Structure formats: structure tokens, C-alpha cells
Amino acid sequence: MTLKQENSHGLPRYLALGVIQGLAAWSAYAVIEFLASSILFRLARPYARFTTWHWVLTGQLAAAYLAHGVLFGALAGGMIFFFRKTPRLSGGQAALVTEHAATLTLTVALALDMAHNPEPPDGWWRLLLVPLALSGMLLLAMRSKAWSTRLGLLTNPWVVAGLFLGLGQVSTLDEMGVAGQLGVPLQLWYYLLLGVLALAAAAAIWGGRRWRQAWNPQRVFAPNWAATGLALLLMATAFALGVEPASPATPRATIAGTSPRPNVILIVMDTVRADHLSLYGYQRDTTPNLKKLAADSTVYPQALSAADITLTSHASIFTGLYPSWHGAYCQPPEAPYGRQLGPVPTMAEVLARNGYHTLGVAANLYLRAAFGLQRGFAAFHIPRPVPVLAGDESWYMLRHGMRRAINQFIDTSQFDRLYSRGDAVNGEFFEMLGQPELAQAPFFAFFNYMDAHYPYIPPHPFDRLFPGKNASTMEGDLGGIQTRVGKYGDPLPDLYTTHALSQYDGGIAYIDSQIGQLVDWLKRQDLYDNTMIVVTADHGEAFGERRLFLHGNSLYANLLHVGLLVKYPHRAHVGQVDTPVSLIDIFPTVMKAVGVEPPAGLQGRDLLDPAASEPRNLFGESFPCPVPHGPVCPDGCIMRAVISWPNKFIWSSKGSPESYQLLEDPNENRNVFGSLNKTAQELSDELRAWIKTMPPQPKQQLNLSPEEIRRFKSLGYIQ
């Protein structure tokens, strides 16, 4: 656009010029932010995957930046119009001055967004100085042609966005764990990036004084046109890549299934409590596929987890041992986030030694190799998506504020997603099936679905399957309520339970749909009859009961009572077993069903053995993990429980003893422990005797990288 007689042009021409420059400024930022957030994240973490939902959200962000560019660019153009008769604009530089003004709207937005961040990191104000300094430079360039010349391209939106986002990376580099991932000293990367940014700024000033001045100031700078074009291309490409496939993922190769030995599939529905399964009579139909599977299975309505958190419970499932025996539990301060599994045999190891091809796919980060839970698996994948909001790594980026703006018009709950959906878990498994060993050997496959986990964000249409969703509620809102109720004793608002439970139940229903797809695949492959399918959960979830939220902080029924369904090979056993059982029983039961001798020392019982129906004590343990705790144990404590149906006794290292009669009080609201309660006293004695038999566990030193800590924190595992 050329403005030969700028003073004679009317407001529409200045508004049009402002829109063009506004689009350029906000588009340049959108493109560089995408590179700094999504692309850099992927390059630094080769295991991360781009997903369809990531591209949809990226497209929404690009569209929002373009819309804001139009709005604030028009505002900048209008402002320039009212100053069109000043000496600064009478020299034929309206295009350049409008560029400065449009870029100023971007830097002011960056500063305001950072200042309103609800949880900024320490020292955040130092980075706030960057957009403030850039705003000052832009004001100088708008007022003075001399300053505009001196600053060169330092005020161009490409350079402004690059410097701000680059310095944002510098400010968080010491917390990113990049050194461990790239194998170089962290300090080197810190100073290298600082040096690159300093050189870029110097080049922008030096080159701008020469190159930019050669460009006609009455015309829009060519790179600015390119910014808008690239942002439009990003938006169109993102929406094209975000189209969901018409049908679920299918394996690339057909599994012959020639082995007469049964296959085994172990499915863990992460964080799913038993009383939210329609399989068990829950009023919402959360598990229609499990109800169908139950017709060919044995259902255990009184199954209990051995622990209240992912690491420890999975370790008990895999080893058939209680936590104090297998050793994988939180042990502050040496291993505050969890110890590594001890030298005990795992289900995968035993099956692998007996000719099984072992495969594992998990969505939960706790299942990674560092904790020892992948021992025995020939292949174990944790598909990790490239997030859109990468937690503390992207706290300074404008996309957080842009998400809030988008949320005024459309649901943005998926912006909070940091773990893979169930369809990615299934797809990863199907990708693993092309291995030739599977044509002859039986397989053992482990699945961990995390879609019912906090922050409760099931995909569409499962997010609307049950009433109660509040589309304006974000993860930060839920976290704030948890803090106010759990820490300060505020009343629990109905909004929390209504919204959270609707999304939690939607997540369970989505997991159920993925299990249904897996079962359908088994049937199409003629593998169903000869496959043992175990479906359970690692633990439940708290929704404000006793001012407790999430999990890892109690041994009440909402965390220990889980579902358990076993489809034995060839429907050998069908029905319902009401006797209470423990998840440590899965290991010996699988061994019996496939004809493999279980290792000695297992504490679980074979559920096919008639002795399993005899009364016995079941135990549960909780350790002080860095999760949100309640008022009784604000910093966490060790808890142990013994269940001798229908009686339950809970001991805590920092609380009073508790005892409940589960038939009369299934929600454990009435503590009946007392000197006159003989049963409670007997259970207390039995628990003390059980504790005395625990083997000593050596101290361990196991720390997480800063990146892993942030990812655990985003899922509610770390306070």
C-alpha cells in the first residue's frame, strides 16, 4: 500500500493500513510462538508426537491471533489517523509508524498477560521488563524518525516476537531439563542462546539501518506481508491435520494366533473408582462395553487396590506383592516422587521367560522405565503428545491469555491436555503388532488408559455425554477450588462436583469405548476366545470428601475400591464372585490360567483356587507422596489399612485410628473405633502383627528432572 498524500486520506485508509500492520505483528508472533512452543518441544523430545487434537488447538490459536491482529491493528490505525497532521507523519512514513503502533499493541498485550498470570514463577518480573522495554522503544520510534532509524529492525514485529520468546526460553532453561535430554552442559545452552539473541539484536539494528531505510516507508514492509501469509498457512494446515480419522486405528498386520496357549491382556483404567462403573450399578451408563464383556467373564465387585497411587498400585499388580514388600513407593526425602521397584519378579518377566511376547502401552508417566515397571516387556511405549500449553515452560507465552479469549466463544478444555488419549494408546499397540514373533508366540499386552484422570478432559462427544459440564471451567479453576477447600477449609462449591464428575464419568465412558474397540478387534482376529482379559483400575479418586482431592492421600473406599473383571480363556469361568479380593491376586491368577508356575513368595491368591473364597485379611498402604493432602496429614503421612470383611481398620502415622463397618457404612462416614469395639481392637492388633513381618527396604536416591516434575505437577501428583 502506498500513501502519497497521507494527510488527505480518510479514516478508512488508515484503518485498512492498521489492519494490515496489525495482522503482520500478531501473525509474526503467532508463527514464532508455534516454532518456540510446539516445534522446539518436539525437537528437544524425540519421543513426543503431534496429534490431531494438537493441530486443532493450534489452528484455533492461529485464528485467534489473526482476529486480534485485525482488531488491534484497526485500533492502531485509528490512533495514527488522529495524529496524521503531526510532523512525524507528514513526511510520508505512515506505513512505518503504523507498524510501530501495531507492534506496540502486541508488546502491551504480552506485558498485561504476564502481569495477570495467576501462578508466575519466581523472578517472573525480570522477563516482564522485556515487553516493557520493547514498548518503550516502539514509543520512541513512533515519536521520532531519528529513533526509528537508530533502532533499525529492532522494532519490527518479527524481531520483537523473536527476542521476547527467546528471552523467555532463557528464563526457563535452567528448569527445562534440556541438558539431560540433549547430553550437553546446561550452562552452555544458556549462554549460547543468550549469545544468539544478542547477535540477532545487533544484526537487527545494523541491518535495519541500511536495509530497512532502502525500503519505501510509504509501503508495507515485505516481511510483514509474509507474516500474515505464514499465519494463514499455519491455520489452514493445522485445521487440515486436525481432522479425526473416520475409523479407529487398526493393526498393519494380521496376527495369525497359531499358538494354542492363551494370550493375556491386562487393562488398567487409571484413576477409576468402582462406584462410578455402571457395571456395578452406577446410575450413569459409563461402561456399556464392560457390561457386554461381563457376560463372558467373572466379575469381582469387591476388589481392593493395594495402594492409592499409580506407581505403587501398578507395582503391586505386576508383582503380586504389597508395597512394603516390592518397595516402589514414595520415600521422602531421598525418593520423594517414588522409589524404584525392588529386585522381585514381575508378571512380564515371568511370562517372557515362558515364551510370551510382552508388549506394554501406557499413558501415565509413572509407568516409565526409571521406576522399574517396564521390566520384562520386550516393547513398552508411553506415547507422549506435544502439548499446546506446556505447563511452566510456556508460562510467559501469550497463548495462555489467548486461550482465555477463545474460551469466551468455544470450549477450550482440551488445551489442558498433557497426556495421550485412549485412541493413541490403542493405536500404539496396533503399531507394535507388525512384529513377526506374534505370529507364533502368545502375547501378553498391558494397557494403561488415563482419560478419567485429572484434569478430567474427555474428548468430544464424551465431554457432553453426561450433564454438568461448565465450558468456562479450566484446570486452574479446579486447582484453585482444591486449594481453598483442602487447605483453607472453604465450602466445596457445587460447580466443582457437578462439572468434575460429569467429565470424570465422560472419561470413564471414553475408556470403555476404547476397550470395546480392542475387544472387537480380538473378535475379528479370532483371538477373543483364546485370550484372557483382565480389566481393573489402579486406584480411585477423591472429589472433596473429607476435604481430600485426587489420590495418593488416603485409604478410604473412594481410592481403594476398584473394579475387577476377568474374562478367562474360552469362558472357563463366568459369573460373579462377591468375596473381597485384592489386585495382588491378578499375578497368580494369570499364571494359573496360562499354565505357568508362579514364583515363590507371592502374597496374592489364585482366584481360581477355591481357597480364594475363604475369609482373609486384605491390606492397603499409603505413603507421603507430594500430592495435595488433607487437614489431618497436611504434609502427608504413612497410612495402612486392614480389611476383614465387612470390617476395616485404618492406622495413620499422624492421625487417630479409624474403624468402619462396610456393610452398614460403605462410604466410611462413621468411625466406630473405640475401647469398647472388640473387632476394631483385634484388627488393630492384626495390622501391627502384619507390619512386623515387613522386610527392610534399603534407602534409595531417585530424583526427577525439572521437566518430569512439572509434568507430574500438571497431573496433580505434586503440590
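Predicted model, so just to flag it, every value in this text is computed and none were measured. The chain is numbered in sequence order, starting from 1.
Y556 and E658 share a side-chain donor-acceptor pair at under 3.5 Å. With hydrogens and angles left out, the side-chain atoms of N448 and N364 include no donor and acceptor closer than 3.5 Å. Residues D463 and Q503 bring no donor and acceptor atom of their side chains to less than 3.5 Å of each other. Inspection of the Y300 and Q302 side chains reveals no N or O donor paired with an N or O acceptor under 3.5 Å. Side-chain contact annotation: R42 with S38, donor-acceptor N/O pair under 3.5 Å absent. Side-chain N/O atoms of H276 and D505 include a donor and acceptor closer than 3.5 Å. Side-chain atoms of T287 and D512 include no donor-acceptor pair closer than 3.5 Å. For S324 and Q697, the side-chain atoms include no donor-acceptor pair closer than 3.5 Å.
Between H314 and F446, the two ring planes are perpendicular [angle over 60°; tilted spans 30° to 60°]. Ring geometry for H561 versus Y280: interplanar angle under 30°, hence parallel rather than tilted (30 to 60°).
The structure places OG1 of T473 at 5.0 Å from NE2 of H499, a figure rounded to the nearest 0.5 Å. The structure places CE of M397 at 10.0 Å from CG of L389, a figure rounded to the nearest 0.5 Å. Atom-to-atom distance recorded for L518:CG and I533:CD1 is 7.0 Å, nearest 0.5 angstrom. Atom CG of residue D275 and atom OH of residue Y282 lie 7.5 Å apart, to the nearest 0.5 angstrom. Atom CG of residue L555 and atom CD of residue E621 lie 8.5 Å apart, to the nearest 0.5 angstrom. Taken to the nearest 0.5 Å, the CZ atom of R375 stands 4.5 Å off from the CG atom of L341.
H381 contributes no side-chain N or O that, together with a main-chain N or O of P383, makes up a donor-acceptor pair within less than 3.5 Å. The main-chain N or O of F549 is found under 3.5 Å from a side-chain atom of N553 such that the two form a donor-acceptor pair. Looking only at distances, a side-chain donor or acceptor of Y510 sits under 3.5 Å from a matching main-chain atom of D423. Under the 3.5 Å distance criterion, the side-chain polar atoms of D538 are matched with a main-chain donor or acceptor of T271. Judged by distance alone, with hydrogens and angles left aside, the side-chain atoms of T312 form no donor-acceptor pair with the main-chain N or O of D308 at under 3.5 Å. R339 places a side-chain N or O within 3.5 Å of a backbone atom of P698 that can act as its donor or acceptor partner. Although no hydrogens or angles enter the test, the distance criterion places no donor-acceptor pair under 3.5 Å between the side chain of S316 and the main chain of A306. The closest donor-acceptor contact from the side chain of H54 to the backbone of V386 lies under 3.5 Å. Judged purely by atom type and a 3.5 angstrom limit, R547 uses its side chain to pair as donor or acceptor with the backbone of G486. A distance-only check finds no donor-acceptor pair linking the side chain of D451 to the backbone of P458 [under 3.5 Å].
Remark: R640 fails to qualify as a cation-pi partner of F619 under the 6.0 Å distance and 45° angle criteria applied to the six-membered ring. Annotation: cation-pi geometry satisfied between R417 and Y419 (NZ/CZ under 6.0 angstrom from ring centroid, within 45° of ring axis).
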inquiry  = Let's go through R49 and E428 carefully: what are the C-alpha distance in whole Å and the side-chain angles of both, what is the deciding distance for salt bridge (charged side-chain N to carboxylate O under 4.0 Å, His left out) to 0.1 Å, and is it a yes or a no?
reply    = CA-CA 11 Å; R49 318 283 178 84; E428 196 76 19; 2.9 Å; yes
Candidate pair K592 and D585, rule salt bridge (charged side-chain N to carboxylate O under 4.0 Å, His left out), full reasoning = CA-CA 11 Å; K592 175 67 174 180; D585 299 332; over 6 Å; no
request  = Kindly determine whether N617 and S644 satisfy side chain to side chain contact (heavy atoms under 4.5 Å, CB included), including the steps that lead there.
outcome  = CA-CA 5 Å; N617 290 341; S644 179; 3.2 Å; yes
inquiry  = As a quick check of understanding, evaluate side chain to side chain donor-acceptor pair (under 3.5 Å) for T346 and T319, giving each step before the final call.
reply    = CA-CA 5 Å; T346 68; T319 64; over 6 Å; no
task = Might you work through the side chain to side chain donor-acceptor pair (under 3.5 Å) test for N426 and Y449, ending with a clear yes or no?
result = CA-CA 9 Å; N426 280 4; Y449 296 108; 2.5 Å; yes
ask   = Which is it for Y366 and F371 under the ring-ring contact (aromatic ring centres under 6.0 Å, His included) test, yes or no, and what are the steps along the way?
value = CA-CA 7 Å; Y366 255 128; F371 287 117; 5.2 Å; yes
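F543 meets the ring pair (Phe, Tyr, Trp, His ring centres under 6.0 Å) test with Y456, Y504; sequence neighbours excluded. Among residues two or more places apart in sequence or in another chain, the salt bridge (Lys or Arg N to Asp or Glu O under 4.0 Å) test is passed with D477 by none.
Among the candidates V535, V425, I511, the single residue satisfying the side chain to side chain contact (heavy atoms under 4.5 Å, CB included) test with F447 is V425.
Looking at heavy atoms from C-beta onward, F462 lies in side-chain contact with S513 at the 4.5 angstrom threshold. Residues K648 and V642 have side chains not in contact (no heavy-atom distance under 4.5 Å, counting atoms from C-beta outward). Residues L492 and E545 are not in side-chain contact: their nearest non-hydrogen atoms beyond the backbone lie 4.5 Å or more apart. Between Q482 and L550 there is a side-chain heavy-atom pair separated by less than 4.5 Å. Counting only heavy atoms from C-beta outward, the side chains of I650 and Y660 approach each other to under 4.5 Å. Annotation: side chain of E597 is not in contact with side chain of M591 (no heavy-atom distance under 4.5 Å). M347 has its side chain within reach of I586: a pair of non-hydrogen atoms, C-beta onward, lies under 4.5 Å apart.
Ionic pairing of R273 and E541 is not present here: no N-O contact between side-chain nitrogen and carboxylate oxygen is shorter than 4.0 angstrom.
Checked against the 6.0 Å centroid threshold, Y396 and W124 do not count as a close aromatic pair. Side-chain rings of F649 and F673 approach one another, their centers coming within less than 6.0 Å.
Within the structure, the disulfide bond (SG atoms under 2.5 Å apart) test picks out the following pairs touching residues 302-353 (sequence neighbours left out): C330-C625.
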